[in-house]
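Presented below is the structure to which this report refers.
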Amino acid sequence: MSDPQIDPAGNTQQFRAFAQRKEPEAAPRQRSMVVPIVVVLAVVVVAAVAAYLIF
């Protein structure tokens, strides 16, 4: 969370700097390609079965 060596309540300026600092943002997660691939394969299988049953 914070550096244990620094007491932000030591004076007003340190506390304000502590309270107003921004936490580093987490790196954006990369999207997995597994779900879209499974969905596409399911659509292809359903279309193939439908085409087989129709013809």
Shared ILVMFWY cluster between V40 and I37, side chains joined below 4.5 angstrom? no
Going by side-chain contact (heavy atoms from CB on, under 4.5 Å), name the residues that satisfy it together with V38, two or more places apart in sequence or in a different chain. V34
Give a yes or no on whether M33 and L41 share a hydrophobic cluster (residues Ile, Leu, Val, Met, Phe, Trp, Tyr; joining criterion: side-chain heavy atoms under 4.5 Å apart). yes
